[in-house]
> 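Take a look at the following structure, please.
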Amino acid sequence: MKKVITYGTYDLFHEGHYKLLERAKALGDYLIVGVTTEHFDEWRGKINVVDPIMKRIENVKKTGFADMIIVEDHEGQKIEDIQKYGVDIFTVGSDWVGTFDYLKAFCDVVYLDRTPNISSTMLRGSNYKITKMGIVGTGRIAERFVAEARYASGLIVTSAYNPDIESVNKFKKKCSEYEIAIETEQYDRFLENVDAVYIASTHETHYDYVKKALLAHKHVLCEKPLAFTKKDSEELYDIASDNNVVLMEAIKAAYCPGFQQLLNVVQSGKIGEICDVEACFSRIASVNSRERTDAKYGGAFLEYGGNALMPIIKILGKDYKSVSFDSINNELGTDDYTKIQIRYENAMATAKVGMAVKSEGQLIVAGTKGYVIAQSPWWLTEKFDVRYEDETIIDHYEPKFVGDGLRYEISEFVAKIRGNGEKSYKLTAGESIAITAIVEEFVKKKNII
Ligand code: CTP
């Protein structure tokens, strides 16, 4: 019996997939089809797949060509499968010519002509409207956003808004290769020409910009902190829901595949009951930066608090018993370094954020059987270990991470706009509101609102 194997994502199943499977089956007597997992696709940088794996498997099954369907979830699996199943022929479409020649050491490799003028990428583009995105604020993060948005299909940055002409001019220079319309006067006019906005302006302006955009039926991705009070944050999520638009807080680590994997490991029971979470985020800002000189809205906590609090809320939940802060302030009263202690019924947590103090940017989750340690910078989550009492046992994880992470957040935003991420648990409205509640405690103490 001649065994044939082929692999693919088979997203938005189309004629090209059908014809490939039909011809693959005709090459032998028994066809094995490998369908990629979401995790593997993310790992190899394919972050915009629409159909969940079960639907993609179901579609392959429906063709009747596959005698066996397997999932492909890691690099190097093809060689393992070929040997495991005694495969005679490996085949894929001609878009891969040459890529799989290394498999010739194990079996025959056949590249089948690709069906012209159809692909999942094409369908993803035509089935859904491309989201026109406007950026509010034109600082460094806005520049990075423009560059990263290219990697998340389904969205295009078309305009930017900032009344600060000097900042706009710098942005224009840095982003000169992109066609981005600039608005410096009327926010309402800027909103009229976009479907969604990314709020990357100074902290104190977030709430107003977000509210106006939501009321104008625009989807919103907002940099942290979303708002300064729990009430405001709740109000914004309510407006989003009433207007049927997406509101997402841009805490990028929450959307990274490595951090998702870390959460899964923590929640799997591998380290037992979780008793403590420690997260640190520090970046020394230049002495004259807004973050250090804005006596009211600057400081380490408002800048980085959301980053360090996110894993705590994700892992230990929204129902903490108490929260306390301790800061080292500069002469303006802005915090250079802040430690946040959070107490839960049966657990505790510490978040540390620094703007003029540098510390190790790691995340440690301690449990009754062992602990997870994500080395600095944990928020990119490119590697983490699970360690135990017996120090000779270490489970090491190295999730894939591409770009600077913003593309995962942007892809999640697009998926939500398209209705594919409705049940997404990556950062829920409730969790975002819980983070704002802690922000509120801090700003109350500082007496700035
Ligand atoms: N394929 C094909 N003809 C097409 C599209 C895909 O023969 N028009 C083949 C691919 O070469 C591969 C298999 O179908 O062997 C599964 O491809 P997959 O990557 O899932 O489909 P694409 O449409 O190419 O997906 P994308 O656009 O996301 O790359």
Side-chain angles (χ1 to χ4, degrees), residues 3-28 30-75 77-79 81-82 85 87-104 106-128 130 150-155 257 400 402-403 407-408 410-412 414-415 418 420-421:
K3 281 192 179 173
V4 182
I5 198 162
T6 190
Y7 295 86
T9 304
Y10 303 103
D11 189 27
L12 303 173
F13 199 87
H14 56 69
E15 188 198 349
H17 295 143
Y18 186 90
K19 287 190 173 156
L20 187 285
L21 294 176
E22 187 177 33
R23 284 171 298 151
K25 172 77 178 194
L27 289 174
Y30 190 87
L31 178 65
I32 305 172
V33 182
V35 179
T36 51
T37 61
E38 274 95 358
H39 186 244
F40 185 53
D41 274 325
E42 271 180 358
W43 182 88
R44 58 196 192 120
K46 198 165 180 171
I47 53 176
N48 41 25
V49 175
V50 173
D51 289 338
I53 185 165
M54 291 317 288
K55 185 166 180 192
R56 291 182 283 118
I57 288 177
E58 200 46 48
N59 286 334
V60 169
K61 201 168 167 188
K62 268 195 227 151
T63 65
F65 297 128
D67 296 288
M68 182 196 248
I69 300 177
I70 57 173
V71 293
E72 184 186 25
D73 71 353
H74 61 273
E75 202 184 21
Q77 185 182 327
K78 292 186 178 75
I79 296 178
D81 291 340
I82 288 167
Y85 300 112
V87 167
D88 302 287
I89 301 173
F90 168 89
T91 187
V92 271
S94 51
D95 43 327
W96 296 100
V97 168
T99 311
F100 296 107
D101 285 358
Y102 70 93
L103 295 175
K104 285 181 182 166
F106 306 93
C107 64
D108 289 340
V109 173
V110 177
Y111 297 105
L112 293 167
D113 281 343
R114 194 178 155 87
T115 307
N117 306 324
I118 181 90
S119 73
S120 306
T121 306
M122 234 174 81
L123 293 176
R124 281 191 289 265
S126 60
N127 286 6
Y128 297 97
I130 299 287
R150 284 185 305 181
Y151 299 96
S153 58
L155 176 144
K400 183 88 165 188
V402 283
R407 66 187 66 178
Y408 299 113
I410 301 171
S411 284
E412 174 76 5
V414 174
R418 291 176 171 184
N420 299 317

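Both counts, for ligands and for their atoms, begin at 1 and track the order of listing. Start at 1 with the first residue, then count along the sequence.
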> For atom 28 (O) of ligand 1, what's the nearest protein heavy-atom neighbour? Residue, atom name and distance, please.
R124 NH2, 2.7 Å
> Using the ring pair (Phe, Tyr, Trp, His ring centres under 6.0 Å) rule, pick out the option among F65, Y10, Y7 that qualifies with H17.
Y10
> For T9, take its heavy atoms, then give the atoms of ligand 1 lying under 4.0 Å from any of them.
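Heavy-atom distances to T9 below 4.0 Å select 20 (O).
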> Within 45 degrees of the axis of the six-membered ring of Y85 and under 6.0 Å from its centre: does K3 put its NZ or CZ there?
no
> Relative to the heavy atoms of L20, which atoms of ligand 1 are at a distance of less than 4.0 Å?
7 (O), 9 (C), 14 (O), 15 (O)
> For atom 20 (O) of ligand 1, grab the closest protein heavy atom and report residue, atom and distance to one decimal in Å.
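Residue, atom and distance for the closest contact: Y10 N, 2.8 Å.
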> Could you work out, for atom 21 (O) of ligand 1, the closest of K19, E15, H17 by heavy-atom distance?
H17
> Can you sort out which atoms of ligand 1 are near V92, meaning under 4.0 Å from one of its heavy atoms?
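Answer, ordered by atom number: 15 (O).
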> Between R114 and D95, is there a side-chain N and carboxylate O pair less than 4.0 Å apart?
yes
> Heavy atom of H14 under 4.0 Å from ligand 1?
yes
> May I ask you to check whether T9 and R44 show a side-chain donor-acceptor distance below 3.5 Å?
yes
> Show me which atoms of ligand 1 lie under 4.0 Å from any heavy atom of D95.
10 (C), 11 (O)
> I'd like to check which ligand 1 atoms, numbered from 1 as shown, lie under 4.0 Å from a non-hydrogen atom of S119.
23 (O), 27 (O)
> Using a plain distance cutoff, I'd like to know if G93 has any nitrogen or oxygen under 3.5 Å from a nitrogen or oxygen of ligand 1.
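Such a contact does occur with ligand 1.
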> Can you find an N/O atom of S94 closer than 3.5 Å to an N/O atom of ligand 1?
no
> Can you tell me if M122 has a non-hydrogen atom under 4.0 Å from ligand 1?
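No, M122 has no heavy atoms under 4.0 Å from ligand 1.
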> Would you please determine whether K46 falls within less than 4.0 Å of ligand 1 on a heavy-atom basis?
yes
> Of all the non-hydrogen atoms in the protein, which one sits nearest to atom 1 (N) of ligand 1, and at what distance?
R114 NH1, 3.8 Å
> Would Y111 and D101 count as having a side-chain donor-acceptor pair, cut-off 3.5 Å?
yes
> Considering only heavy atoms from C-beta outward, does the side chain of I5 approach that of I70 to under 4.5 Å?
yes
> Number the atoms of ligand 1 from 1 as they appear, then name those within less than 4.0 Å of a heavy atom of I118, with their elements.
4 (C), 5 (C), 8 (N)
> Closer than 4.0 Å to some heavy atom of S120 - which atoms of ligand 1 meet that?
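The atoms of ligand 1 under 4.0 Å from a heavy atom of S120 are 21 (O), 22 (P), 23 (O), 25 (O), 26 (P), 27 (O), 28 (O).
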